[in-house]
Every structure is written in structure tokens, then in C-alpha cells.
Q: 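Pasting a structure here, questions to come.
Quick note on labels: first sequence line is chain A, next is B, and so on, each numbered from 1.
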Protein chains: 6
Amino acid sequence: MKPIEYADAPPEVQAVYDDIKRTRGVPDVNNFWKMAAHHPATLRRTWESLKEVMAPGTLDPATKEMIFLAVSITNGCTYCIRSHEAAARKAGMTDAQHGELLAVVGMANETNRLANGYQVEVDVALRDQ
Amino acid sequence: MKPIEYADAPPEVQAVYDDIKRTRGVPDVNNFWKMAAHHPATLRRTWESLKEVMAPGTLDPATKEMIFLAVSITNGCTYCIRSHEAAARKAGMTDAQHGELLAVVGMANETNRLANGYQVEVDVALRDQ
Amino acid sequence: MKPIEYADAPPEVQAVYDDIKRTRGVPDVNNFWKMAAHHPATLRRTWESLKEVMAPGTLDPATKEMIFLAVSITNGCTYCIRSHEAAARKAGMTDAQHGELLAVVGMANETNRLANGYQVEVDVALRDQ
Amino acid sequence: MKPIEYADAPPEVQAVYDDIKRTRGVPDVNNFWKMAAHHPATLRRTWESLKEVMAPGTLDPATKEMIFLAVSITNGCTYCIRSHEAAARKAGMTDAQHGELLAVVGMANETNRLANGYQVEVDVALRDQ
Amino acid sequence: MKPIEYADAPPEVQAVYDDIKRTRGVPDVNNFWKMAAHHPATLRRTWESLKEVMAPGTLDPATKEMIFLAVSITNGCTYCIRSHEAAARKAGMTDAQHGELLAVVGMANETNRLANGYQVEVDVALRDQ
Amino acid sequence: MKPIEYADAPPEVQAVYDDIKRTRGVPDVNNFWKMAAHHPATLRRTWESLKEVMAPGTLDPATKEMIFLAVSITNGCTYCIRSHEAAARKAGMTDAQHGELLAVVGMANETNRLANGYQVEVDVALRDQ
């Protein structure tokens, strides 16, 4: 399958592309959206969900993008690492913050397995929070 | 294997327990450390690494704990979810922030698989950042 | 390591290649088999197992290939996504079904993490099925 | 955190619970929804998305639930395995189909790692589908 | 579903149980086999494969069980961790080796994510081995 | 980001590069270290940890590298598969051992999911080891 460009897209897809471009202030949409467009309902639903979830809230956009990046690194999704590292930097993540983020992601993946390996029982104090 | 309590621990393990208690201002260490103590070198190294990585830096402790929690949720590590949700709340994460964090983690895991499934090619603009 | 071509393969490997070609009605085997051939016991066992598991049963071949594809997308295995998407299409999966499959895989990966993140307790009615 | 029961829920949450009960023809909602209700926007968005994605389409409900179950098994999400195995059975999955589903999920997870381990190169014929 | 005990099993399942007991020198089979017995073809195929793969070869049984345990810890499969830690100990793994194994598994999971996060390019010298 | 070469590195990074080259007897460090060098504290801590964990102990270096490789294959980390397969071979892993390792990793990933899918309860005898 090939990315679907704006000129070749049906109106319902163009409408989503237009909203992405307007919301993000970009001249074109990324390949992710041009591939999701092969199933227009998925394109629309994913964009509406992402727009809602990533909007500024009690967490600022840079923090949200860094959380997104941490998940993508853990899952090993190259496309997602590339695109959300770029988004996090655009939202203000510095080189030093990127370095600290990766260090935390690494440690979390290590200690997750130590907890698995030692079959650590949840402390009483941690059960009903 | 059972957790190793302070009274039953060799001096090198007690020294790490003491440093954890002093650094965190807690009366006892969690089960995670009491299990890692079965291999004292792992206990010491993991604590030294974690202390360094989770210390305040260009990312504040609450953000670091939220990133840690995001990874633990993605990996499905129950112990780690319980302990780092508690740590994130102690560092200031509110209920609303916890809700937003989970929403971002969910969306990231979803779109990671859409990117995989559509085999999305990395955009030229995202290649050399 | 390089793929092992038919002409360079020992008789036990050629016999498996022959059975794959006959069973699938293809002129040559995929790179997957040509690499597995580096350990002939793995080649033979994997092919025998796959032939048995993927044969028509109470689930039809297209459904089996779609389940295989869903797992491969979740694990992020590029080779497996490419080869089992092709196999699913050959077995009858349409573009629309592919789009729905990806939407389900995405939602499952999202809600799996919401269930982890909220540490949802299994409902009594779901325990003894 | 505790599940939020209907009587204790704000109107926006009750409205979602009502729609779930009506759509599924059940007297109460599962714990998953009662936990997601801690963040009402996540509850509403997740339900709306799931309702759309899991509705009958070019794939029937049983097939969609089996794909959902395959992902949940791969990720090791106990809650999701329990709830979607129940949903798949309700939609018509038989014991024999469940057995075949698990066999396929097992084989896919095995061959995904053989493909990783042998670093199999994507066949030319599989590149541009 | 409940485990299927020997007395309640059909002859083809009893035959597999008998072979497991004879091969391993144990009086009864584990719950894993009693559950897999719900799909006799899966029971038989999985046992035959496992028996072949875990037999002494160029790797000794303890090393094979430790590799099995490392994978199970990485995937967070509680049942598999419990059963293969027991099998590894029975095959000779000492407490000290268990501690070193967990340390390696932890480091591998950490550096896997650092490699992902930094999007490290494969060195030329590592490409064609 | 680009790999940081020795000539362009600050003294603290050069010191780590020097120690890696000395310890491993290699003329240059791999790209992994040249990327980790973007966050010198991560470079130093990761190297110190890896040097300690991978040193000969009650497990020999080849066994440790094979465990590392098994984890990397399970996680699908291409860079890590390439570099630790090379390290395992350098430490003595033969072609036949590599084949057996992959077979074990495949089976473990398969049976991990069968255990998940059947929701196998931990046997009483496996609970308190």
C-alpha cells in the first residue's frame, strides 16, 4: 500500500487532513495519516482521539509527548520514536531532557524485569491506594 | 524465595537499606529491595543507578515517575505499576494528571500498532533530526 | 548468515522445501525457511507445526492468517507482518477487512494498557468460565 | 482506586453506563468501565471508539473478538483475556475454535522470534503489496 | 476451564501425560499440560516440540532452562517464570547463577531500549556476520 | 543525532571510550556507545553496569551473551541482536548452539502465550520455591 496524497483522497479524508494541518500549523500531514487513510473511519477516529488526548490539560504538551515517546521506545516502534521525538522537541524538550528521559525508560525496563524475575509480592502499603 | 529483612541481612545489604531509607525518608524499604538483596551486587548497582537516574535534573521527579509508570503499564508489570503510581502521587501527580497519563499511554500503544500494521515509512523530514 | 538455496541444501532440508512448495503450490520457499534451514531440526519442526496449526479446521484459513497477523503487528515483527498480510490476502482478506483488523488490533493494545493502568479487578462473573 | 458504581457516578458517567448497558443488553457494566470512569473523558472516548470498532462490519463480531483476544494473550493482560474470551464465546466462538485460536497465537509468537533471531530479510515479492 | 485430570482424560491425552511422566520421572504432570489438554492436538504437538527442543544437545539442559527463564521474565509470564525457574534449579542452576541471570536479563532489557531510543545504526562490522 | 567520534568527545566521554577499548581489546567502540555519549552520565553508568554484569562469574561469558541475545530477540531489537550475536560468537557460541538457542527462544515465546491463553493456575508445588 502507498500513502494517499491529498489530491487523490476522497472528501472525508481531505477534511481530516485539513483539520490536522490547521490544528498543527503544518503544510502537509505525515505518512502515518496518509496510510491510515486507507480506512477512513480509522483515520477520523484516530485523529479525533489523538487531538483530544494530546491537547494541553493538567499535563503540558511536552510532558505528554515525552510519555508517548517513552511508550514508543519500550515497544520498539521506529516510526513512532522518530515522529514523537520530533513532536516532543517541537513542544520544548531539550537535549538534556531527552537524555534523562531515555535513562528513565531504560531503568524502568530493567527494574520491571527484576520485579518479574524475583516475583516480588506487592507491599501491603501499596495495595489500596 | 522470601524477602530479606534488615535483621537477617549481611552488612553490605544493610548499608544499602540504610541509604534507601535515608534518601527517601522512609522507615523501611519495599519488597522489591528485599528480594533484590538475594544478589547483593544487583541490589547495590540497581539502587545506585536508580538514585542517580531518578534524582531531580532537567526533568522534575514527578515527570520522571510518570515516565516510569508509563513504561510499567506498557509492560504490564503489576508490582512496578503499584509502586511507581504511589511514587508519582507522592511527587505531586494529581488524579487528573494520572487520568491524562493513562489516556496518553493507551493512545501511544494503539498508534504504535497502527504504524506497525500499515508499515508506515519514516517521512524524509523525520529521518535526520 | 545467508539464506540457503535449494541447490546448496542437504537432502533433509530439500525434503522440507519440497513439501512447502507442494503444500502451498509455490515455485520457491520464502527467506524465512531459507534462514531456518541453518538448523534443520528447527526447519522441519517449525514447518510441521505450522502446517498442522494453519490447516483448515473450525477456523477457516483467512481467519487464522488474520489472527497471525494481529499477533505479528502487536509484536512489531516486520517480516511476519509482510508475509502474513500477504498470506491473509491470498486466503481472501479484503482491503476493508484489513482496515477493520488493524482498528481492532489498535483498540486491543490501547485497552490492554488501560486495564493495566487502572489495575482493574476481574469481575466475579468473568472468573470461572 | 475503587470502581465507581452507577449510584455514585456523575451524570456524564451514568450516560455512558446507560449506553453500554443498552448496546450490550446487560444489567450492569464491567469493572473496566467502572475504573475508566475515574477519568470521564477517557471513559466516553474509549466506549465510543470500542462501540464503533467492534460493531459488525466486513468482519463479524466473533472474528473481531477473537482478534482482540489474540492481542490480549500476546500482551499477557489477564483482565482483557478473561473479558474478551467471554465476549468471543458469547458471540459464538466454540471450544474447538478457542483451541485453534490459541494454537495460532502460540505459533505466531514463536515464528515472530525465529524471524527476529535469524534477521530474515523481507523477500522481494513481499515488499510492495 | 478446569485442568483435566488423568482419570477424566481421553486415551490420546493419557498417552501424552504418560510420556511426560516417564520422560521427566515425575508422578503427575503440571497444570500447564492439564489445561493444554483441552485441545489434544495442541497438547501433543507442544509436548513433542518441547521434548525435542529441551533435550540435551550442544547446549546443556541447565543453559536451555535459563534461556527459557530469561524469555519468560522478559514477557512477564508468571506461570512460566515459576515453572522454568524450578526446572532450571532442578537442572543445576545455583542461587548465584540465578542472581547473575536476572542481572543480565535486566541489563538487556535496559540497553535494548537505549538502542531503540537513540535509534542506533548497525555498525558496518556487525552487518554481515 | 549522529554518533560522537573520539576526536569530538569531551574528556569524560573519551575516558569511557578508552576503558571500553582496553577492556574489550578493540580499536574503536560501537555505535551504541557513540550514541549514548550524547548523555555522558548514561554512557558512564551503562558501561560501568554492563562491565560488572557481563564479567565472568558463576555463569561464563558465552552463557551470559546467549541470555542477552535471547532477551534481545524476544524484544525484537535489531541492533542488540546483531551486536550480542557477534559477542556470543566471539565468546565461543557455535553455529549449532545458536540454532538451539533460537529454538528455545521460539518455544518459550510460544508456551508463554499458551500459559496466558489458558490462564493456567500456578501449581501448589511451584508456589514456594
Q: Of the non-hydrogen atoms in D:I67 and C:A70, which two are nearest, and what is the gap between them?
A: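 So the minimum-distance heavy-atom pair works out to CG2-CB, 3.8 Å.
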
Q: Chain C: which of D:T78, D:I73, D:T111 shares the most heavy-atom pairs with it under 4.5 Å?
A: D:T111

Q: Out of D:D28, D:N30, D:V29, which one pairs with C:D123 under the side chain to side chain contact (heavy atoms under 4.5 Å, CB included) rule?
A: D:N30

Q: When only pairs under 4.5 Å are counted, which of D:M66, D:M54, D:R113 shares the most heavy-atom pairs with chain C?
A: D:R113

Q: So which heavy atom on C:F32 is nearest to which on D:A115, and how close?
A: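 Looking at all heavy atoms of both residues, the shortest contact is CE1-N, 3.8 Å.
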
Q: Does some side-chain heavy atom of C:N112 sit less than 4.5 Å from a side-chain heavy atom of D:Y79?
A: no

Q: In terms of heavy-atom pairs under 4.5 Å with chain D, which of C:T63, C:L50, C:L69 leads?
A: C:L50

Q: Could you check C:N109, C:N116, C:T74 and say which one makes a side-chain hydrogen bond (donor to acceptor under 3.5 Å, both in side chains) with D:N75?
A: C:N109

Q: Between D:E121 and C:K2, is the closest basic N to carboxylate O distance under 4.0 Å?
A: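 Judged by the 4.0 Å cut-off on N to carboxylate O distance, C:K2 and D:E121 do not form a salt bridge.
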
Q: If we define contacts as heavy-atom pairs under 4.5 Å, which of D:A36, D:C77, D:S49, D:P3 has the most with chain C?
A: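 Ranked by contacts with chain C, first place is D:C77.
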
Q: Residue by residue, which of residues 94-107 of chain D have a heavy atom closer than 4.5 Å to a heavy atom belonging to chain C?
A: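 Checking residues 94-107 of chain D against chain C gives D:A96, D:Q97, D:E100, D:L101, D:A103, D:V104, D:V105, D:M107.
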
Q: State, with a plain yes or no, whether a side-chain heavy atom of D:Y118 is found less than 4.5 Å away from one of C:N31.
A: no

Q: Return the minimal non-hydrogen interatomic distance between D:R82 and C:L126, and the atom names on each side.
A: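 Smallest interatomic distance, heavy atoms only, reads CD-O, 3.5 Å.
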
Q: Counting only heavy atoms closer than 4.5 Å, note whether D:E110 contacts chain C via side chain, backbone, both or neither.
A: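 Side chain only.
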
Q: I'd like to check the salt bridge (charged side-chain N to carboxylate O under 4.0 Å, His left out) partners of C:E5; sequence neighbours left out, ordered by chain and number.
A: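 With neighbours one apart ignored, the set is C:K34.
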
